[in-house]
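As structure tokens, the structure follows; a few thoughts come after it.
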2 protein chains.
Amino acid sequence: MLDNDTQSRLLQQYPMLRELPAAERESLHASASTMHVPAGTVVFDENQPCQGFPLLLSGSIRVIKAAPNGRELQLYRVLPGESCILTSSCLLGHTRYQARGVSEEALEMVLLPATSFHTLFGKHEAFRNYVFLLFSDRLTDLMQLVSAVAFQKLDQRLARLIVSKSNPLHTTHQALADELGSAREIVSRLLKGFAEQGWVKLGREQIEVTDTASLRKFAEL
Amino acid sequence: MLDNDTQSRLLQQYPMLRELPAAERESLHASASTMHVPAGTVVFDENQPCQGFPLLLSGSIRVIKAAPNGRELQLYRVLPGESCILTSSCLLGHTRYQARGVSEEALEMVLLPATSFHTLFGKHEAFRNYVFLLFSDRLTDLMQLVSAVAFQKLDQRLARLIVSKSNPLHTTHQALADELGSAREIVSRLLKGFAEQGWVKLGREQIEVTDTASLRKFAEL
DNA sequence: CGGTGTCTGTGATGAAGATCACAGAGAGTA
DNA sequence: TACTCTCTGTGATCTTCATCACAGACACCG
């Protein structure tokens, strides 16, 4: 059961829920539950069956593939207002998770039981369309990712990653490496190169982009 | 308008169409058209808008990402009974193709106009579920592919590819390289290695697996 | 202040694959 | 048979990236 505050925040993050008839929304509120998860928690993991459909209110989830040797690669990131498409895939395809989800910051989310998800999905076009749009976006992302990993050099991928974030960037080289599926040293060296070009200024846990134009050009964006 | 023979073959390949009410099936048959495409044709290409929803009766389509330098990587293959999920994604997300589709053998297919697709999708659960299952399967495939490309060595990927095909394998090294997103020479050398292990026998446009067990084991299957 | 842990810089070394450049082998065709 | 294609084998070389091994830098905390 969701309290009033949560209900209104849910509607704010997921406007498509407004299109549901009031009765349906009521029963959604009744069957759902809220969850709080600290940062760095494994929310779901490879080969796990899927519990329910999460609606993120705050925080973010990194969806990653982990390699046996400890390296990892980020597939995509789930933000509030989105939902984990992997979960939809599990629920609809009756399969198991094929990747790992880790909370990046503390999460606040509403968990919709599988049955409610199926009901909503079967009955309401708005909900279906929402899920489908997410699906289709993720598919696009993944195809981009595949071709980036297969054909692009790491320096370009790194440049792209950096310009895609908000400017003074607070993160570690290791985190960037994990996002790219590479090793920390490589990222350090490449960043040094960028700095020598005058494109960025480096500091501890900080990267400041000083020449966005050149960096974008290099990233072929 | 589809003729009777085509209609029955369509139902054979796409059993879920049987679950549609007869009237709906009629109008589908009326609005759809058949298409024949020779082998090696680009059926759709990156950044193209999407025309309609193809239902494959025979032949197969390779869906690939092409790199600027001429190399390519196969994302997946569309077989009769399946449908191109990229197309669904385009139609539902109102985006453009993010990859290229090339007919492998001559294609025979039924093309459903976009409007019919949307009608079917909106009205009929059987059709929706079908599309969704495909979506979910592709997503799984793509995630596997990403992690293979990012973390696996080429020899393992090649081994896996070979054991996944029917045994005496008629294909060129170049074709295998294209499927893996690599270069022909590398594939040749790796195959030579497999042959030296006694796992395969090589001939012109032919690879015969002589020790499936070892090859599978090597591929970690 | 010193101690501890995390983050970063950097050299050395190695492995996997890409690229280039041909040579030779099969197979089809005039 | 000779000619021509395509397919395959193979060496040499180069780039990129991974890995290992530390050292220094910074930040926090007792």
Side-chain angles (χ1 to χ4, degrees), chain A residues 39-40 65-73 146-162 168-197 200-208 218-220, chain B residues 39-40 65-73 146-162 168-197 200-208 218-220:
Chain A
K65 272 277 185 186
N69 64 351
R71 264 165 59 206
E72 56 180 66
L73 167 63
V146 170
S147 91
V149 171
F151 299 130
Q152 276 202 289
K153 289 203 300 173
L154 210 59
D155 49 6
Q156 280 199 343
R157 292 214 289 138
L158 178 60
R160 181 164 216 152
L161 179 60
I162 289 173
L169 216 134
H170 293 277
T171 180
T172 69
H173 298 180
Q174 182 63 59
L176 293 173
D178 284 345
E179 195 151 342
L180 294 170
S182 176
R184 194 221 83 215
E185 296 92 316
I186 315 292
V187 170
S188 288
R189 277 193 256 266
L190 293 176
L191 284 174
K192 189 192 169 195
F194 292 172
E196 278 164 3
Q197 297 289 321
V200 299
K201 273 214 170 72
L202 302 178
R204 186 187 172 86
E205 300 204 341
Q206 162 144 348
I207 301 168
E208 187 194 350
F218 179 76
E220 285 180 9
Chain B
K65 272 279 187 187
N69 65 351
R71 263 164 60 206
E72 56 181 63
L73 168 63
V146 170
S147 92
V149 171
F151 299 129
Q152 276 201 290
K153 289 204 300 172
L154 209 58
D155 49 6
Q156 280 200 345
R157 293 215 289 138
L158 177 60
R160 180 167 217 150
L161 179 60
I162 289 174
L169 215 136
H170 294 277
T171 180
T172 68
H173 297 181
Q174 182 64 59
L176 292 173
D178 286 345
E179 196 151 340
L180 294 170
S182 176
R184 194 222 82 214
E185 295 93 318
I186 314 293
V187 171
S188 288
R189 278 193 255 265
L190 293 176
L191 284 174
K192 189 192 169 195
F194 292 173
E196 278 164 4
Q197 297 289 322
V200 299
K201 273 213 170 71
L202 302 177
R204 187 187 171 85
E205 299 203 342
Q206 163 144 347
I207 300 168
E208 187 194 350
F218 178 77
E220 285 179 9

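So you know, we letter chains A, B, ... as the sequences are listed, proteins then strands, and number each from 1. Keep in mind that the numbers below use all heavy atoms, side chains included, and drop hydrogens, waters and symmetry copies.
- Within the model, atoms CD of B:Gln206 and OG1 of B:Thr171 stand 11.5 Å from one another, a figure rounded to the nearest 0.5 Å.
- Nucleotide C:dA15 holds its P atom 16 Å from the CG atom of B:Leu190, rounded to whole Å.
- Evaluation of atom-type donor-acceptor distances gives a pair under 3.5 Å for the side chain of B:Glu185 against the base of C:dC20.
- Between the CD1 atom of A:Ile186 and the P atom of D:dT19 there is a distance of 9 Å, given to the nearest Å.
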Hey, mind stepping through A:Gln174 and A:Val187 against side-chain contact (heavy atoms from CB on, under 4.5 Å) and telling me if it holds? CA-CA 8 Å; A:Gln174 182 63 59; A:Val187 170; over 6 Å; no
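- The distance from atom CZ of A:Arg71 to atom C1' of D:dA18 is 7 Å, rounded to the nearest whole Å.
- Contact annotation for A:Leu191: no contact, since no heavy-atom pair falls under 4.0 Å across all strands.
- Put simply, CD on B:Glu196 is 12 Å from C1' on D:dT10, counting in whole angstrom units.
- Here the shortest heavy-atom pairing between B:Phe194 and B:Asp155 reads CZ-O, 3.5 Å.
- Here A:Arg189 lies in heavy-atom contact (under 4.0 Å) with a base.
- Listed nucleotides D:dT10, C:dC7, C:dT19 differ in distance to B:Ser188; the shortest reach to its side chain belongs to D:dT10.
- Applying the 4.0 Å criterion to OP1 and OP2 of D:dT15, one finds that A:Lys153 has every side-chain N and O outside that range.
- Contact check for B:Lys65 versus A:Val146: no side-chain heavy atoms found under the 4.5 Å cut-off.
- B:Leu191 places a side-chain heavy atom less than 4.5 Å from the side chain of B:Ile162.
- Taking only side-chain nitrogens and oxygens, A:Ser182 comes nearer than 4.0 Å to OP1 or OP2 of D:dA18.
- Side chain of A:Arg184, nearest nucleotide from D:dT8, D:dA25, C:dT10: C:dT10.
- In this structure, NZ of A:Lys192 is placed 17 Å from P of D:dC17, rounded to the nearest angstrom.
- Separating the CZ atom of B:Phe194 from the P atom of D:dT8 is a distance of 16 Å, rounded to the nearest angstrom.
- At a threshold of 4.0 angstrom between heavy atoms, the contacts of A:Asp155 with the nucleic acid are absent.
- Rounded to whole Å, atom P of D:dT16 lies 16 Å from atom CG of A:Leu180.
- The nearest whole Å value for the distance from the CG atom in A:Asn69 to the P atom in D:dT19 is 6 Å.
- Distances shorter than 4.0 Å separate none of the side-chain N or O atoms of B:His173 from OP1 or OP2 on D:dT6.
- Across all strands, A:Glu205 comes closer than 4.0 Å only to sugar-phosphate atoms, never to a base (heavy-atom distances).
- Which of D:dT19, D:dT6, C:dT8 sits closest to the side chain of A:Ala183 comes down to D:dT19.
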